[in-house]
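Before any comments, here is the structure.
Read the numbers this way: they start at 1 and go in the same order the structure lists the ligands and their atoms. Being a predicted model, the structure only gives us computed values, none of them experimental. As a basis for the values below, the full set of heavy atoms in this structure was taken, side chains included, without hydrogen atoms, waters or symmetry mates. Numbers for residues simply follow the sequence, beginning at 1.
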Amino acid sequence: MIEMRNVTKRYPNGITAVNDVSVKIDSGEFVYIVGPSGAGKSTFIKMMYCDERLTSGDLQVGKFNLRNIKQRDLPYLRRYVGVVFQDFKLLEKKTVYENIAYAMEVVGRKPSAIRKRVLEVLDLVGLKHKIRMFPNELSGGEQQRIAIARAIANTPGVLIADEPTGNLDPDTSLEIMSILERISANGTTVIMATHSRSIVNNIKHRVLAIESGRIVRDEQEGEYGYND
Ligand SMILES: Nc1ncnc2c1ncn2[C@@H]1O[C@H](COP(=O)(O)OP(=O)(O)OP(=O)(O)O)[C@@H](O)[C@H]1O
Ligand SMILES: [Mg+2]
């Protein structure tokens with residue numbers, strides 16, 4: 001479970017990106033974060049994997065209290081929370097296999113477990129046959145599928161995706177969505193920031209709408225029309 005209580009994030013430049021937000025997300029939920037550019041979606045998300053520290057309030061992510069999490073516990077948090085970005089962020093000098101394996105090596109997994117799991121996650125995203133390729137030999141959609149495979153390699157409880165389809169065409173975006181749906185069906189909590197009206201309107205999930213750092217709507221699955 002993820003619980004924010006009166007969370008505020010003020011950047012050093014004085015901008016309050018998230019303003020006194022309280023919200024609860026249950027294990028296994030799929031939640032969209034929507035809202036205009038600059039609303040605070042990425043900041044909201046970054047606090048959940050401690051890329052940004054909260055200024056005040058309380059944030060519990062699984063067993064981790066992020067208000068006072070210790071530096072030495074960050075690797076454990078990063079194992080529990082997988083992250084996917086709009087621009088994929090694959091390591092260009094590493095192959096598909098190495099990109100995914102690396103995410104497991106840094107948390108100390110055994111080589112035998114790594115080999116097995118890399119094949120498993122590549123199978124899940126349908127790209128086993130690209131295992132020896134480098135990122136620049138892949139399409140954008142394929143790169144995103146590899147980035148997702150990497151993000152779930154350590155079987156996180158939570159998968160966070162910040163505009164994962166932002167750089168992709170509509171058909172490729174739907175492929176990415178079907179992979180996220182499959183991950184969600186396996187019990188992983190999925191939190192996804194998006195600007196895509198068609199995704200939010202057609203693939204229905206809970207929607208949190210953020211404006212000027214505040215949650216202005218919180219609609220359960222199926223109750224949100226992006227245009228109303
Ligand atoms: N590292 C930072 N330092 C200072 N201000 C920041 C930083 N990151 C974001 N901001 C500011 O915080 C506010 C929220 O930004 P954020 O990136 O969270 O918005 P967003 O909803 O993700 O926007 P977009 O849809 O464009 O990605 C903006 O006013 C932005 O300028
Ligand atoms: Mg953003």
Side-chain angles (χ1 to χ4, degrees), residues 2-25 29-61 64 66-67 69 71 74 77-78 81-90 140-141 143-144 147-148 150-151 156 158-170 172-174 176-177 179-180 183 189-203 205-219 224-228:
I2 296 174
E3 186 167 12
M4 279 195 180
R5 257 181 285 150
N6 306 106
V7 166
T8 291
K9 172 65 188 181
R10 195 171 308 110
Y11 284 110
N13 60 5
I15 289 180
T16 301
V18 170
N19 194 352
D20 195 24
V21 165
S22 298
V23 67
K24 223 188 252 188
I25 298 171
E29 275 196 274
F30 193 129
V31 183
Y32 292 122
I33 313 293
V34 305
S37 186
K41 303 180 296 297
S42 293
T43 304
F44 178 86
I45 275 180
K46 281 175 180 171
M47 287 190 288
M48 290 182 189
Y49 60 97
C50 226
D51 190 26
E52 291 291 349
R53 292 272 183 161
L54 39 154
T55 307
S56 60
D58 240 313
L59 174 53
Q60 188 77 27
V61 175
F64 302 94
L66 300 198
R67 185 167 54 89
I69 190 170
Q71 196 70 25
L74 286 183
L77 173 72
R78 301 275 156 76
V81 183
V83 191
V84 175
F85 304 95
Q86 177 171 3
D87 58 353
F88 326 133
K89 296 199 195 299
L90 295 172
Q143 290 187 53
Q144 192 57 298
I148 293 171
R150 175 178 63 179
V158 179
L159 178 65
I160 287 179
D162 195 351
E163 297 189 46
T165 64
N167 284 350
L168 305 174
D169 65 71
T172 310
S173 297
L174 288 181
I176 294 299
M177 286 311 296
I179 291 168
L180 295 181
I183 292 167
T189 307
V190 179
I191 299 171
M192 170 177 161
T194 183
H195 283 288
S196 170
R197 285 176 162 67
S198 70
I199 288 176
V200 171
N201 286 341
N202 293 308
I203 306 170
H205 293 294
R206 181 180 174 189
V207 179
L208 296 180
I210 301 187
E211 276 174 33
S212 305
R214 293 179 184 273
I215 293 182
V216 292
R217 291 181 66 178
D218 177 358
E219 305 284 356
Y224 189 85
Y226 209 121
N227 295 316
D228 43 333

Distance to 0.1 Å, residue and atom name: give those for the protein heavy atom nearest to [atom].
atom: atom 26 (O) of ligand 1; answer: Ser37 OG, 2.6 Å
atom: atom 9 (C) of ligand 1; answer: Tyr11 CE1, 3.4 Å
atom: atom 25 (O) of ligand 1; answer: Lys41 NZ, 2.6 Å
atom: atom 31 (O) of ligand 1; answer: Ile15 CD1, 3.9 Å
atom: atom 16 (P) of ligand 1; answer: Thr43 OG1, 3.7 Å

Can you tell me how far the [atom1] atom of [X] sits from the [atom2] atom of [Y], to the nearest 0.5 Å?
X: Ile69; Y: Cys50; atom1: CD1; atom2: SG; result: 5.5 Å
X: Arg150; Y: Gln143; atom1: CZ; atom2: CD; result: 10.5 Å
X: Glu3; Y: Leu66; atom1: CD; atom2: CG; result: 12.5 Å
X: Thr165; Y: Leu180; atom1: OG1; atom2: CG; result: 9.0 Å
X: Asn19; Y: Asn6; atom1: CG; atom2: CG; result: 10.5 Å
X: Met47; Y: Ile2; atom1: CE; atom2: CD1; result: 11.5 Å

Notebook entry, point to check: Taking the six-membered ring of Phe44, is the NZ or CZ of Lys41 close enough (under 6.0 Å from the centre) and on axis enough (within 45°)?
Noted result: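 Pair Lys41/Phe44 does not count as cation-pi.
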Notebook entry, point to check: Are any of the protein's heavy atoms under 4.0 angstrom from atom 6 (C) of ligand 1, yes or no?
Noted result: yes
Does ligand 1 have any atom sitting under 4.0 Å from a heavy atom of [X]?
X: Pro36; answer: yes
X: Glu163; answer: yes
X: Gly40; answer: yes

Please list, in number order, the atoms of ligand 1 under 4.0 Å from a heavy atom of [X].
X: Ala17; value: 12 (O), 13 (C), 14 (C)
X: Ser42; value: 17 (O), 18 (O), 20 (P), 22 (O), 27 (O)
X: Asn13; value: 4 (C), 5 (N)
X: Gly38; value: 13 (C), 14 (C), 19 (O), 20 (P), 21 (O), 23 (O), 24 (P), 26 (O), 28 (C)

Next item on the list: State whether the shortest distance between N or O atoms of Lys46 and N or O atoms of ligand 1 falls below 3.5 angstrom.
Entry: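 No, no N or O pair falls under 3.5 Å.
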Check: Does the N or O separation between Gly35 and ligand 1 drop below 3.5 Å for any pair?
Finding: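 No - when backbone and side-chain N and O of Gly35 are compared with those of ligand 1, no distance drops under 3.5 Å.
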Check: Can Glu219 and Arg206 be counted as an ion pair, charged N to O under 4.0 angstrom?
Finding: no
Margin query: Ignoring hydrogens, what is the shortest heavy-atom contact between Gln144 and Phe85? Give both atom names and the distance.
Written below: NE2-O, 2.8 Å
Margin query: How close do Ala161 and Pro164 get, counting heavy atoms only, and between which atoms?
Written below: CB-CG, 3.6 Å
Checklist line | N/O/S atom of Ser37 inside 2.8 Å of the Mg ion (ligand 2), strictly under | finding: no
